[in-house]
Amino acid sequence: MGANADPYVYRIWPPRKAAKNSSIKDVLKVNSIDLCFDENGKAFSTQYYELMMNPRPTKRPRQLVVRRGAPFTVRLLCSRKFDPQVDTMVLVFAIASIGKDKPTFGSGTETYVLVQPNDTATSETGERIDDWGALLVDSKDKPQGKAELTLHITTPSYAPIARWTLQFHCRLDTTDAKSMLAIKDPMYVLYNPWCKEDPVYMEDAASRQEYVLEDSTLICKPSKKGPDMRSWFLGQYEANVLDCALYIVSEVGNIRAASSGNPVLVTRALTGALNSASGFGVLRGNWSGNYEEGTAPTSWTGSAKILQAFYETGETVNYGQCWVYGGVLTTICRALGIPSRIITNFESAGDHDASLSIDYYVDDTDNASSSLTEDSIWNYHVWNEAWMRRKDLHNLNFDGWQVIDATPQQLSDGMYKCGPFPVAAVKQGFVHVPFDGDFIYAEVNADVIYWSIGNDQNPPKPLEINTSQIGRDMSTKAIGSNKREDVTEQYKQPENTKEEREVMKTAMQFSCQRFSSAGLAKRLLGNMVNDSNGNEEAIKLELKCDEELTIGLTFQFELIVTCTSAVSSVEASGTLVLKDSDYTGRHVETLKRIPFVLNLEPLESKSIQVPLDFTEYSSTASNKTNIKAICTAQVKGSDRTYLKVENFHLTPPVIDLSLIEHSLAGPIAVQVALKNPLPIPLTSGRFTVEGSRFTDPLEKKYDLIPVGEAVHFIYSINLSHKGKMVVTASFVSNELKNVHGSLTVLLTEEEEKQEEANDGKEESYEKEEATEE
């Protein structure tokens, strides 16, 4: 083959047509390619990607972003009209390799599409053909004998999700002369939740808007008043985020391009690629409280900066915890076109021995024996759901939301990854269904067994079995509003019902671990109650803290001990322990230990008031998110130990964000303000402020914020799009962490009309400019 020979001569061309008496002597040439960015952007809801903006904030040429399974429009300025009697046009699609994955015809990563002059996009039965296709739908004369051809090019619903090169090859069949022109930069093909044949198809339009198109969301976290929604900027449209997502799938998740169209494989790979627990990954987890070598997890306000830093440096970003992993995974899924949302599970279990029970040990010396178990109970845990059909399971009941979790907790296939696992399978206890059913089911429905640690003379004994503690108030952002949606019933039967216990039996039957400590504990606890010298349930313990636990104030805890007998008095003794705990329950430090002895008359209640001053809870090293109160008590004459455990969530201050200027002629100015709520100065303070849609983040440092003083500064942004913009802010210092604030800015109807008029002027100018060319 000569140096100028057509590399596709043996592959792409159909047999030449035998045309007679044709006057055409010159091969059809494509002079320029119009990818119809605005038209395709609106058709595929991809107009918000930075790649599609005009002008692009990065000042680079625009690149086309479309979704598979539907036709996109291309207009070609050609040397003459297309004559189907003598002209043949073939399109060559090939993936633009990120790494060593090269396009091949056999793998479906390179394909050849013959342009059809007539409507052949449907089969003989009238059904649409789900395959590559190109249809010439219009031909217009242009000056100087040229012509404008309009093509509708269709990608199949199974096409790989990747960057694609696109070449337009023309042949004059009477002479075999050929020409070719390619698009300058690769185009992007994404999953398509609007396409019924795509496994990620989502029928409801409002759901698609919320779970695919929205670039900000809310993550539910605990507070004294109940679940609290906090803003998170997803930023799937920001510069380099889509490129980073494809890079992570290919080079970190090791998904070959030929398999990239399978959302089951892609989401599973992403859960392992986002953490660094098994090797190279996007985000390094850190729950130690020491974040000197990176950014504290509570400082992040969104995903975009994390992904951009990873993409630009090629190095793992420090640091993340569960809600950060959840936010980043949602960003990548939505960038690729997979519907995704963030789920918060309160009282979330970490069952690391596949027993479907959590063994929690309590001792009298306050020294927790972590060597006895690896199980844990997190005050809350954040994971993701991705929407897809599970063709691999051959069961329509398992289609829909799938649990995926990038937080490194449990090894799966030798790596720290988790899911996808059908939410419907969680509710039915089908823990054998792929992937990681045992662990996910236990997170929402494990039984909790409290044990005494014991000593050399006495083995551990069960104190209490709680079958309803795990999996509470499971929450996500509601569709179209900033309210919380409770999804608990999607995961489990109501607690303390026969149906819920039947599901647990099913899960035990399918579990790979047939033994559970629950059975042993129930027998031991039953024997202890029956042999407790008539004093079973002799007292009742209650722990309260009615005040809002605002950091910086003195907290007032109350222990109430009640004699439950109507005829007998009792003597109760025990210990109340207050501990500082992070949300995982693993990093715990004792703050106060109060022994007590109470004599109670029949049905009498007595209260013990326990103040906790700021100086008593400020010296610990944890993130100060919870105060754990643990009370153990005994009744004289009985060998039963009573236990009461409560978690009290601390309330951090809120950053105040307010709009002080809003004009089309200038930037939007947001005032950021925070008052020091602590009785001590704040040192080494750092604000991080971020606005959605291509605005620059801002970092503001304060070496010292004295007691009682407030700081104020201005964050200026330019509103470059219609609709909603979300501004998020965080603050950390040596003394105060987990401080956030957010503000939503909306364009008015008049401003939208003005921007549309401006857009129309820009489009007219572009068309004139193209005609001149």
Side-chain angles (χ1 to χ4, degrees), residues 217-232 287 297-298 321-327 330 341-351 356-358 360 375-385 401 403-405 407 409 418 423 426-427 439-448 450 466-478 482-497 500 504 543-545 548-549 579-588 622-630 644-652 738 740:
T217 190
L218 298 174
I219 300 178
C220 196
K221 292 187 177 183
S223 70
K224 177 65 168 62
K225 296 180 179 179
D228 179 42
M229 306 298 285
R230 297 189 184 178
S231 180
W232 185 267
W287 286 263
T298 53
Q321 292 181 6
C322 69
W323 68 90
V324 185
Y325 286 110
T330 299
R341 64 183 184 180
I342 298 173
I343 301 294
T344 301
N345 178 37
F346 292 92
E347 295 294 308
S348 185
D351 176 25
L356 303 185
S357 64
I358 303 300
Y360 188 90
D375 292 346
S376 59
I377 304 173
W378 293 25
N379 298 140
Y380 70 98
H381 178 48
V382 173
W383 62 66
N384 299 81
E385 288 176 355
W401 289 118
V403 176
I404 54 175
D405 190 353
T407 303
Q409 294 189 88
C418 185
V423 172
V426 181
K427 188 169 184 176
F439 188 79
I440 293 170
Y441 174 84
E443 284 184 300
V444 303
N445 216 28
D447 292 343
V448 181
Y450 293 91
N466 193 326
T467 63
S468 60
Q469 176 179 345
I470 299 301
R472 297 181 178 178
D473 300 320
M474 301 184 68
S475 307
T476 191
K477 179 185 177 299
N482 289 338
K483 296 180 180 179
R484 180 183 78 91
E485 178 184 352
D486 193 300
V487 296
T488 309
E489 67 174 11
Q490 298 179 25
Y491 278 82
K492 57 198 299 187
Q493 298 289 341
E495 292 289 1
N496 301 315
T497 63
E500 186 272 334
M504 174 60 83
L543 290 167
K544 298 173 62 177
C545 186
E548 185 171 339
L549 298 178
K579 298 189 176 189
D580 185 20
S581 170
D582 73 346
Y583 76 99
T584 71
R586 288 181 174 271
H587 304 283
V588 179
S622 78
N623 286 332
K624 302 175 182 61
T625 59
N626 304 278
I627 301 294
K628 185 184 290 290
I630 305 172
K644 188 69 176 179
V645 180
E646 290 286 352
N647 277 309
F648 298 95
H649 303 291
L650 305 189
T651 303
N738 206 29
H740 296 269

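As a basis for the values below, the full set of heavy atoms in this structure was taken, side chains included, without hydrogen atoms, waters or symmetry mates. Position 1 is the first residue of the sequence; numbering continues from there.
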Is any side-chain heavy atom of [X] less than 4.5 Å from a side-chain heavy atom of [Y]?
X: E347; Y: N647; result: yes
X: P227; Y: Y380; result: no
X: C418; Y: W383; result: no
X: N738; Y: K221; result: yes
X: T344; Y: R484; result: no
X: K477; Y: N482; result: yes
X: I343; Y: W401; result: no
X: C220; Y: F346; result: yes

Verify, without hydrogens or angle tests, whether [X] (side chain) and [Y] (backbone) share a donor-acceptor contact under 3.5 angstrom.
X: K492; Y: V444; value: yes
X: K628; Y: V645; value: no
X: S581; Y: I627; value: no
X: T488; Y: M474; value: yes
X: H740; Y: W232; value: no

Indicate whether any N or O donor in one side chain lies under 3.5 Å from an N or O acceptor in the other, for [X] and [Y].
X: N445; Y: Q493; value: no
X: T330; Y: N384; value: yes
X: H381; Y: D405; value: yes
X: D582; Y: T584; value: yes

- Item | Residues S357, D447; criterion side chain to side chain donor-acceptor pair (under 3.5 Å); working and verdict | CA-CA 5 Å; S357 64; D447 292 343; over 6 Å; no

- Message: Check the orientation of W287 and Y325. Use parallel for under 30°, tilted for 30 to 60°, and perpendicular for over 60°.
- Response: parallel

- Task: For T217 and I342, work out which heavy atoms get closest and say how close.
- Result: CG2-CD1, 3.9 Å

- Item | Those residues that, when tested against F648, pass ring-ring contact (aromatic ring centres under 6.0 Å, His included) (two or more places apart) | F557

